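Everything below concerns the one structure shown next.
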Amino acid sequence: KIFSGGFSKTRDNLAVIDELLLYWNLADTDRVLDELEEALLVSDFGPRITIKIVESLREDILSGKLKSGSEIKDALKTSVLDILTKKGHNTELRLGFRKPAVIMIVGVNGGGKTTSLGKLAYRLKNEGAKILMAAGDTFRAAASDQLEIWAERTGCEIVVAEKENAKASSGLHTNYSLMEELIACKKAVGKVIPGAPNEILLVLDGNTGLNMLPQAREFNEVVGITGFILTKLDGSARGGCVVSVVDELSIPVKFVGVGERVEDLQPFDAEAFVNAILS
Ligand code: GDP
């Protein structure tokens with residue numbers, strides 16, 4: 001239900017598999033697996049995961065463990081689910097017992113940080129938390145204006161850096177110094193509040209496709225990501241790459257964004273996700 005509108009592309013690409021498996025017989029195995037490989041690749045699963053999945057299916061088919069098209073389909077779903085849940089997949093936020101807990105939200109511009117922060121604040125507030133939003137993006141004055149709108153919308157307090165500073169430093173920064181700024185921000189928070197930030201969530205735009213992987217790698221190397229928020233899954237999001245990102249970095253998806261309203265943030269449900277892309 002959560003993903004009902006999304007993944008149209010991924011779903012269409014993978015629908016081919018159903019037809020193939022319907023007519024599968026042992027003699028067809030190579031052809032069917034070639035097609036499956038192709039379908040996974042166009043769905044952005046990436047070569048590493050694709051080969052891993054296809055070769056493990058081949059082994060189980062040839063050893064007689066998988067005896068019908070529907071068994072192969074189920075095995076395919078299971079292997080994707082295993083990847084998504086392997087490290088005791090945990091969508092819970094780890095905020096510890098000490099207060100205040102700090103959640104840092106990072107990501108490239110336009111990915112959905114502000115929106116996700118607003119939605120997450122709304123969610124936690126409804127669970128009884130008292131929220132203070134902080135605009136860390138001092139490079140873009142407009143970014144804190146956006147956050148102020150979300151603070152108002154959700155009835156949360158907010159602190160914003162001086163607007164003058166924001167203007168003075170805008171436009172002068174390369175990607176590199178933005179990353180430096182992130183490290184400084186993380187350190188500063190940790191100095192004031194021991195153990196903080198408790199969570200560093202990377203917002204990934206569900207429509208990014210395979211560019212997600214280098215993005216996730218870079219942010220993880222720089223600040224150490226504890227979870228992902230996958231946004232814009234209400235659109236024609238490209239689902240496959242999520243699987244390769246989670247596989248490579250062993251970092252769980254904690255939340256998914258499924259729209260622009262305050263309530264459009266859901267804990268990630270791996271099984272629902274797999275059923276959505278491989279229905
Ligand atoms: P930021 O630059 O990373 O802070 O990104 P924003 O939070 O400003 O989001 C960029 C755009 O994506 C805005 O127009 C948001 O409304 C939109 N957006 C963010 N999350 C979602 C989502 O889950 N679904 C949809 N449909 N749009 C979203």
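Keep in mind it's a predicted model, so treat the numbers as computed, not measured. Both ligands and their constituent atoms are indexed starting at 1 by order of listing.
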Do ligand 1 and Asp264 have nitrogen or oxygen atoms that lie under 3.5 Å from each other?
-> no

Say whether Glu260, considering both its backbone and side-chain N or O atoms, lies within less than 3.5 Å of an N or O atom on ligand 1.
-> yes

Under 4.5 Å between side-chain heavy atoms, hopping through other hydrophobics if needed: is there a path connecting Leu202 to Val222?
-> yes

Please state whether Val256 comes within less than 4.0 angstrom of ligand 1, counting heavy atoms only.
-> no

Salt bridge (charged side-chain N to carboxylate O under 4.0 Å, His left out) partners of Glu37, counting only residues at least two apart | none

Would you call Lys119-Asp264 a salt bridge at under 4.0 Å N-O?
-> no

So which protein heavy atom does atom 26 (N) of ligand 1 come closest to, and at what separation?
-> Asp234 OD2, 2.7 Å

Within 4.0 Å of some non-hydrogen atom of Gly257, the atoms of ligand 1 are 23 (O)

Does an N or O from Asn109, backbone or side chain, lie closer than 3.5 Å to an N or O of ligand 1?
-> no

Ranked by distance from atom 7 (O) of ligand 1, the top protein heavy atom is Thr115 OG1, 2.6 Å

Residues Val256 and Phe268: closest non-hydrogen pair is CG1-CD1, 3.5 Å

Do Leu210 and Leu14 belong to the same hydrophobic cluster, where Ile, Leu, Val, Met, Phe, Trp and Tyr are linked whenever their side-chain heavy atoms lie under 4.5 Å apart, directly or via other members?
-> no

Quick one: closest heavy-atom pair of Lys186 and Val223, and the distance?
-> NZ-O, 2.7 Å

Is Lys113 in polar range of ligand 1, meaning some N or O pair under 3.5 Å apart?
-> yes

Ligand 1 atoms in contact with Val108 (distance to a heavy atom under 4.0 Å) = 3 (O)

What is the nearest protein non-hydrogen atom to atom 2 (O) of ligand 1, stated with its residue, atom name and distance?
-> Gly110 N, 2.7 Å

Within a distance under 4.0 Å of any heavy atom of Val258, pick out the atoms of ligand 1 and give their elements.
-> 23 (O)

Which atoms of ligand 1 have any heavy atom of Gly112 under 4.0 Å away?
-> 1 (P), 3 (O), 5 (O), 6 (P), 7 (O), 9 (O), 19 (C)

Considering non-hydrogen atoms only, spot the tightest contact between Val253 and Thr91 and give its length.
-> O-CG2, 3.7 Å

Does an N or O anywhere in Leu233 fall below 3.5 Å from an N or O of ligand 1?
-> no

Please say whether more than 12 non-hydrogen atoms of neighbouring residues, nucleotides or ligands are located less than 6.0 Å from CD in Glu92.
-> no

Val203 touching ligand 1 at heavy-atom level, < 4.0 angstrom | no

Does even one non-hydrogen atom of Gly259 get within less than 4.0 Å of ligand 1?
-> yes

Does ligand 1 have a heavy atom under 4.0 Å from the side chain of Gln266, from its backbone, from both, or from neither?
-> neither

Check salt bridge (charged side-chain N to carboxylate O under 4.0 Å, His left out) between Asp28 and all other residues, then give those that pass, not counting sequence neighbours.
-> Arg31

